[in-house]
Amino acid sequence: MRKLWLFVLALFIIGLVACGEESNSSSESGGDEELTIGISLPSATHGWMGALIDNAESQAKEIQEADGINYVMTNAADPNSQANDVDDLISQEVDVIVMLPIESAALSPVGQKVKDAGIPLVIVDRELENDAATVVVKGDNEGIGVNAGEYFIEKLGGKGKIVEITGPPNSVTEQRGSGFQEAVEKTDGMEIIASQSGDFSTETSLEVMQNILQAQPEIDAVFTQDDGMALGVVQAIKEAGRDDIQFVTGAGGAKEVFESVRDDGLISATFLYSPTMVREGVKIAANLAKGEEPEETMVILDATKVTKENVEEYYDPDSKF
């Protein structure tokens, strides 16, 4: 009986050792480790940002189904809320964070926190003011401004009074504005007579343009840094009954703006800045979560000019944006 008991005990000990080795092996290989992407975006239900949010979640779901990588999505109404969201993602120890900063300066410190925590950071659209990002995915914002400026010079024959409607303080606004000014300042006859922020909002741009129209009796054309703002500007012009303004331009690629371009409306051109860019950001984040090195640290999409000549190439009647 004693020999039988010793034999059973030996088998039990061998089993425990084997289980321990299997557990260690699994832990070391990371085979059972679940990966998570944290996504921090502004809040929106429509327009360019609304479409970007939809694209981000759609891409994250596709990756979750294909690769088993989880995701946590947060949306914030202001920079302070977004900073808190990112702090929460850090505390959850996600494997990578994708962030579109509401404001570049305000979110740069929290971007540094992400870097200090050793978490890869993918920045989409608006850049930070430090080097916290592992990868930046954006459109060619300076190219949008330069291409728009050249378009204005061509359409106005090198002479005209221009109104500029900008976005809120961030890298996108700065780069689009500097590119536009760089282009038009090469021609002495081009003058920017007013420049105000429309906050990337149709409603705000409507109000801002109403005030500008009252203050400026003569305007030849309006450069807006966003398609939604262009729509607000056009509404203000129509309500005021102004017929001196020859054209308005936007940026983004909204369906309603494409329709204006196609149908000879007041918005005669826009410059591509697609909300689908976030899909690339989420894909890159998934690879970073898996420990892969990025192929590029800066991914820049072309700022293609869209006018009546090529609008049908980009117009999608079923687009949500």
Side-chain angles (χ1 to χ4, degrees), residues 47-48 139-167 172-187 189-202 204-206 208-209 212-213 216 218-238 242-275 301-315 321:
W48 189 90
D140 186 359
N141 288 301
E142 186 171 354
I144 285 174
V146 170
N147 291 351
E150 292 173 350
Y151 178 79
F152 272 66
I153 293 169
E154 177 185 351
K155 288 280 286 184
L156 296 175
K159 185 177 181 180
K161 297 181 181 296
I162 303 164
V163 166
E164 177 186 36
I165 306 297
T166 72
V172 170
T173 295
E174 180 183 346
Q175 291 165 9
R176 292 182 186 181
S178 63
F180 184 75
Q181 291 167 16
E182 175 188 331
V184 298
E185 285 173 359
K186 293 179 181 178
T187 305
M190 307 290 285
E191 180 185 3
I192 299 175
I193 58 174
S195 179
Q196 292 189 35
S197 173
D199 204 32
F200 285 155
S201 161
T202 300
T204 302
S205 299
L206 167 63
V208 166
M209 193 63 196
I212 291 175
L213 289 169
Q216 301 292 341
E218 184 181 347
I219 301 170
D220 292 302
V222 183
F223 164 61
T224 76
Q225 295 186 358
D226 168 74
D227 280 348
M229 296 198 300
L231 294 172
V233 165
V234 167
Q235 183 179 342
I237 293 169
K238 288 180 177 179
R242 292 281 290 264
D243 58 8
D244 56 321
I245 300 166
Q246 300 176 39
F247 63 90
V248 176
T249 65
K255 178 168 65 175
E256 192 173 349
V257 168
F258 282 156
E259 290 168 352
S260 175
V261 172
R262 179 195 64 190
D263 300 335
D264 295 316
L266 195 55
I267 303 175
S268 63
T270 189
F271 303 86
L272 291 187
Y273 198 84
S274 175
L301 310 177
D302 290 338
T304 304
K305 178 176 70 177
V306 180
T307 62
K308 189 170 184 178
E309 285 69 30
N310 65 344
V311 67
E312 291 295 348
E313 296 177 31
Y314 304 99
Y315 177 64
F321 169 55

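Atom set for the values below is all heavy atoms of this structure, side chains included, hydrogens, waters and symmetry mates excluded.
Between Gly143 and Ala303 the shortest heavy-atom distance is C-CB, 3.8 Å. In terms of heavy-atom proximity, Gly167 sits nearest to Phe200 at CA-CE2, 3.6 Å. Val146 and Ala183 get closest at one heavy-atom pair: O-CB, 3.8 Å. Looking at every heavy atom in both residues, Ser195 comes nearest to Glu164 through OG-OE1, 2.8 Å.
Side-chain contact between Ile165 and Ile212 is present, with heavy atoms from C-beta onward closer than 4.5 Å. Side-chain contact between Thr249 and Val222 is absent, with no heavy-atom pair separated by less than 4.5 Å. Side chains of Val184 and Glu191 form no contact here, defined as non-hydrogen atoms less than 4.5 Å apart. Inter-residue side-chain proximity for Leu206 and Val233 is flagged as unmet; no heavy-atom pair is nearer than 4.5 Å. No side-chain heavy atom of Ile219 sits under 4.5 Å from any side-chain heavy atom of Lys161.
Residue pairs satisfying the side-chain hydrogen bond (donor to acceptor under 3.5 Å, both in side chains) criterion with at least one member in residues 222-236, sequence neighbours excluded, are listed as follows: Asp227-Thr270, Gln235-Glu239.
Just one residue in the list Leu301, Asn141, Asp140, Thr304 forms a side-chain contact (heavy atoms from CB on, under 4.5 Å) with Tyr273, and that residue is Asn141.
No donor-acceptor pair closer than 3.5 Å links the side chain of Thr307 to the backbone N or O of Ala269. Between the Ser178 side chain and the Gln175 main chain, a donor and an acceptor come within less than 3.5 Å of each other.
Atom CG of Leu156 sits about 5.0 Å away from atom CE of Met190, to the nearest 0.5 Å. Note: Asn147 CG to Asp302 CG = 9.5 Å, rounded to the nearest 0.5 Å. From Arg242, atom CZ reaches atom CG of Leu213 across 5.0 Å, with rounding to the nearest 0.5 Å. Rounding to the nearest 0.5 Å gives a distance of 7.5 Å between CG of Asp220 and CG of Asp244. In this structure, Met229 CE and Asp199 CG are separated by 8.5 Å, a value rounded to the nearest 0.5 Å. Within the model, atoms CD of Glu218 and CD1 of Ile245 stand 10.5 Å from one another, a figure rounded to the nearest 0.5 Å.
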- Does the side-chain contact (heavy atoms from CB on, under 4.5 Å) test come out yes or no for Gln196 and Met209, once each step is laid out? CA-CA 9 Å; Gln196 292 189 35; Met209 193 63 196; over 6 Å; no

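Applying the ring-ring contact (aromatic ring centres under 6.0 Å, His included) rule to Phe152 yields the partners Phe180, Phe247; only residues at least two apart in sequence or on another chain are considered.
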Please output the side-chain donor-acceptor pairs of residues 253-268 that fall under 3.5 Å, not counting sequence neighbours, one pair per line with the distance.
from   : atom 1 : to     : atom 2 : distance (Å)
Lys255 : NZ     : Pro317 : O      : 3.1
Lys255 : NZ     : Ser319 : O      : 3.1
Glu259 : OE2    : Tyr315 : OH     : 2.7
Ser260 : OG     : Ile267 : N      : 3.2
Ser260 : OG     : Ile267 : O      : 3.0
Asp264 : OD1    : Lys308 : NZ     : 3.1
Asp264 : OD2    : Lys308 : NZ     : 2.8
Ser268 : OG     : Tyr151 : OH     : 2.8

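Counted within 6.0 Å of CD on Glu174, heavy atoms from surrounding residues, nucleotides or ligands total 12 or fewer; the atom is thus considered open.
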